[in-house]
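See structure below.
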Amino acid sequence: MNSRATQDAYAPRPEHHFTFGLWTVGNPGRDPFGEQVRPAIPPTRIVEKLAELGAYGVNLHDNDLVPRDAGAAERDRIVNEFKEVLEATGMRVPMATTNLFSDPAFRDGAFTSNDPRVREYAVQKAMAAIDLGVELGAETYVFWGGREGVETNAAKDPCAALGWYRDALNFLCEYVRSQGYQLKFALEAKPNEPRGDIFLATTGHMLAFIYSLDHPEMVGLNPEVAHEHMAGLDFTHAVAQALEAGKLFHIDLNAQKPGRFDQDLRFGSEDPKAAFFLVKLLEDAKWPGMRHFDSHAYRTEDEEGVWDFAAGSMRTYLILKEKVAQFNADSEIQGLLQEIAARGGATDSRLVFSPERVQELRSASLDLESIRQDGYAYERLDQLTMEVLLGVR
Ligand code: GLT
Ligand code: MN
Ligand code: MN
């Protein structure tokens with residue numbers, strides 16, 4: 001580490017658990033209207049460069065590393081070369097996933113295609129990708145069903161599709177168990193894009209679905225900032241529900257302007273206040289998981305801009321983490337929070353049902369006059385929060 005890095009309070013280190021997908025920093029800037037603008041960066045170079053920047057690891061889809069049509073010998077050569085660079089840099093692969101969206105075979109979905117041969121191909125491809133992930137040391141396996149959906153509801157019975165989705169995940173859970181792998185699944189929701197509408201559109205939909213699986217204990221969530229914002233929802237609330245249910249297995253950090261296509265912008269770059277409350281939730285909970293950035297550099301950038309993007313993502317997280325510590329130590333803010341906590345004086349109104357509690361509550365005389373009149377001082381609290389964020393406190 002150079003002296004600038006050691007002096008820098010916001011310098012990322014492996015213990016911060018920052019990870020990037022090979023597909024994120026490796027994104028060559030293709031979009032629906034334009035060609036690739038940057039040469040592809042080889043996976044081994046991505047690993048070396050991210051290690052230099054202070055990341056903990058990289059995540060990958062099967063085909064980010066091994067081309068779809070590679071034979072067994074080529075696969076092994078590529079994987080061994082990749083393992084060598086992991087070994088040399090100390091970088092890890094904590095998460096892996098399957099590309100179940102690029103191949104034209106998946107045009108009508110993978111696990112939910114109307115064609116049963118496609119559903120079998122998807123499970124076959126996922127089994128091989130799980131083997132690869134486990135070989136590289138992954139402990140979390142993400143399923144993002146980008147093609148699982150429809151453009152027209154005339155095409156597909158959504159109830160049947162959910163049944164096929166469930167069958168595929170149940171099959172793959174049993175596969176993991178039968179191989180003795182220590183692997184957990186993390187389901188990632190998105191409301192639309194690339195399909196007109198994607199099944200299980202939000203983190204909440206996914207959470208309900210998990211409890212309908214044969215092994216719900218193996219399956220949790222991978223919420224993504226941009227995806228929940230696309231649905232017009234508060235991301236921190238989605239993550240809080242996952243966390244509270246013990247189902248936050250992974251997280252995809254990025255940024256998103258409201259009402260747009262999936263922009264996957266640099267973390268914190270669009271709504272620093274929302275990013276602050278997310279970091280606060282994760283840090284206050286001492287959540288031990290990976291802070292994965294599922295985002296990419298602007299299409300305007302060359303490779304140098306890609307590394308600026310990667311360094312900036314981690315730096316912003318650490319700046320916000322410091323702001324969280326400042327918020328938690330601010331006596332005026334904490335004073336207001338204590339006042340809120342002390343509303344109602346010493347009364348502990350935990351609503352635990354019992355026949356006695358019913359009797360007590362029936363006859364309780366609550367001071368409705370003051371309840372109706374007293375404000376909550378959230379304007380002051382929010383202004384103080386903003387001043388912490390804007391750097392004037
Ligand atoms: C794709 C998607 C992401 C998913 C990745 C995992 S691939 O880039 O936009 O949100 O997390 O499959
Ligand atoms: Mn994602
Ligand atoms: Mn996205």
Look at the rings of F143 and F111 and say which category their plane angle falls in: under 30° parallel, 30 to 60° tilted, over 60° perpendicular.
tilted
Check this for me, if you would: do D167 and R119 make a salt bridge, where the nitrogen-to-carboxylate-oxygen distance has to be below 4.0 angstrom?
no
Do L207 and L200 share a hydrophobic cluster, counting only Ile, Leu, Val, Met, Phe, Trp and Tyr and linking them when any side-chain heavy atoms are less than 4.5 Å apart?
yes
D108 with R147: basic N within carboxylate O range, under 4.0 Å:
no
In this structure, would F293 and M91 fall into the same cluster of hydrophobic residues linked by side-chain contacts under 4.5 Å?
yes
Stepwise salt bridge (Lys or Arg N to Asp or Glu O under 4.0 Å) test for K83 and E135:
CA-CA 9 Å; K83 279 180 175 166; E135 184 178 346; 2.8 Å; yes
Taking T152 for its side chain and A154 for its backbone only, find out whether a donor-acceptor pair lies under 3.5 Å.
yes
If I compare all heavy atoms of I130 with all of L183, which pair ends up nearest, and what's the gap?
CG2-CD2, 3.6 Å
Is the closest side-chain heavy-atom distance between R38 and N27 below 4.5 Å?
yes
Minimum side-chain heavy-atom gap P223-E188 below 4.5 Å
no
Would you mind checking if D62 and R68 are paired as a salt bridge, meaning a charged N to carboxylate O distance below 4.0 Å?
no
Heavy-atom donor-acceptor pair, R260 side chain to M230 backbone, under 3.5 Å:
no
For E283, is there an ion pair with K323 - N to carboxylate O distance below 4.0 angstrom?
no
In terms of heavy-atom contacts, P28 and Q36 come closest through CB-CG, 3.4 Å
With a sphere of 6.0 Å drawn around CD of E15, does it hold more than 12 non-hydrogen atoms of other residues, nucleotides or ligands?
yes
Indicate yes or no for a side-chain donor-acceptor contact from N192 to the backbone of R195 under 3.5 Å, with no hydrogens or angles considered.
no
Evaluate side-chain hydrogen bond (donor to acceptor under 3.5 Å, both in side chains) for K125 paired with N63, printing each intermediate quantity in order.
CA-CA 10 Å; K125 192 172 193 289; N63 306 132; 2.6 Å; yes
Quick check on Y181: does its OH atom have over 12 non-hydrogen neighbours (other residues, nucleotides or ligands) under 6.0 Å away?
yes
From K280 NZ over to L278 CG, what is the distance, rounded to the nearest 0.5 angstrom?
12.0 Å
Would you check, one step at a time, whether the test side-chain hydrogen bond (donor to acceptor under 3.5 Å, both in side chains) holds for Q338 with Q334?
CA-CA 6 Å; Q338 274 157 23; Q334 293 309 312; 5.3 Å; no
Is it true that E303 and K49 make a salt bridge, defined as a side-chain N closer than 4.0 Å to a carboxylate O?
no
Any link between F199 and I210 through a network of hydrophobic side chains (Ile, Leu, Val, Met, Phe, Trp, Tyr) touching at under 4.5 Å?
yes
For the aromatic rings, using the six-membered ring if either is Trp, is the centroid distance between F209 and Y165 under 6.0 Å?
yes
Which residue is it: L281, L221, T236? I am looking for the one with a side-chain contact (heavy atoms from CB on, under 4.5 Å) to L243.
L281
Is the count of non-hydrogen atoms from other residues, nucleotides or ligands lying under 6.0 Å from E217 atom CD greater than 12?
yes
Exercise: identify the closest heavy-atom pair between F267 and S313
CD2-O, 4.2 Å
Donor-acceptor pair, distance only, cut-off 3.5 Å: does the side chain of W287 make one with the backbone of L248?
yes
Give a yes or no answer on whether the side chain of Q256 reaches the backbone of F261 with a donor-acceptor pair at less than 3.5 Å.
yes
Distance-only, no hydrogens or angles: does the K190 side chain make a donor-acceptor pair with backbone N or O of W144 under 3.5 Å?
no
Restricting to non-hydrogen atoms, name the atom on L65 and the atom on I78 that form the minimum distance, rounded to 0.1 Å.
O-CG2, 3.4 Å
Y121-F106 aromatic ring centre distance below 6.0 Å:
yes
Which class fits the ring pair Y317 and F18: parallel under 30°, tilted 30 to 60°, perpendicular over 60°?
perpendicular
Is a donor on one side and an acceptor on the other found under 3.5 Å between the side chain of H16 and the backbone of R13?
yes
Using the side-chain hydrogen bond (donor to acceptor under 3.5 Å, both in side chains) rule, take S102 and N99 through it: C-alpha gap first, then chi angles, then the decisive distance, then the call.
CA-CA 7 Å; S102 296; N99 184 324; 2.8 Å; yes
For a quick test of reading the model, state the closest non-hydrogen atom pair linking C173 to H215 and the distance between them.
CB-CD2, 4.3 Å
In the single-linkage hydrophobic clustering (I, L, V, M, F, W, Y; side-chain heavy atoms under 4.5 Å), do F235 and M206 co-cluster?
no
Should we count CZ of R380 as having more than 12 external heavy atoms under 6.0 Å?
no
If you count heavy atoms of other groups shown closer than 6.0 angstrom to CD of Q373, is the number above 12?
yes
Presence of salt bridge, E120 and R117, under 4.0 angstrom
no
Please report whether the ring centroid of F101 lies less than 6.0 Å from that of H61.
yes
Can you list the steps and then say if R357 with E360 is a salt bridge (Lys or Arg N to Asp or Glu O under 4.0 Å)?
CA-CA 5 Å; R357 248 339 239 140; E360 272 172 35; 2.9 Å; yes
Both conditions, 6.0 Å and 45 degrees, for the charged tip of R343 above the ring of Y376: are they met here?
yes
Closer than 3.5 angstrom, by distance alone: can the side chain of N254 be matched with the main-chain N or O of R266 as a donor-acceptor pair?
no
Regarding D294 and N59, do their side chains bring together a donor and an acceptor under 3.5 Å, going by distance alone?
no
Any chance you could lay out the salt bridge (Lys or Arg N to Asp or Glu O under 4.0 Å) test for D271 and K273, step after step, and finish with the verdict?
CA-CA 5 Å; D271 188 352; K273 186 178 180 183; over 6 Å; no
Is the CD atom of E301 crowded by more than 12 outside heavy atoms at less than 6.0 Å?
yes
Looking only at atom types and distance, does a side-chain atom of T89 sit under 3.5 Å from a main-chain N or O of L86, one as donor and one as acceptor?
yes
Evaluate E48 against R45 for salt bridge (Lys or Arg N to Asp or Glu O under 4.0 Å), listing each step before the verdict.
CA-CA 5 Å; E48 284 165 354; R45 177 166 166 72; 5.5 Å; no
Could you check whether R92 pairs with E139 (Lys NZ or Arg NE/NH1/NH2 to Asp/Glu carboxylate O, under 4.0 Å)?
no
Sub-3.5 Å donor-acceptor pair from the side chain of D382 to the main-chain atoms of Y378, do we have one?
no
Applying side-chain hydrogen bond (donor to acceptor under 3.5 Å, both in side chains) to Q359 and R362, what does each step give before you reach the verdict?
CA-CA 5 Å; Q359 281 316 112; R362 276 211 173 105; 3.2 Å; yes
What do you reckon, are the aromatic ring centroids of H292 and W23 less than 6.0 Å apart?
yes
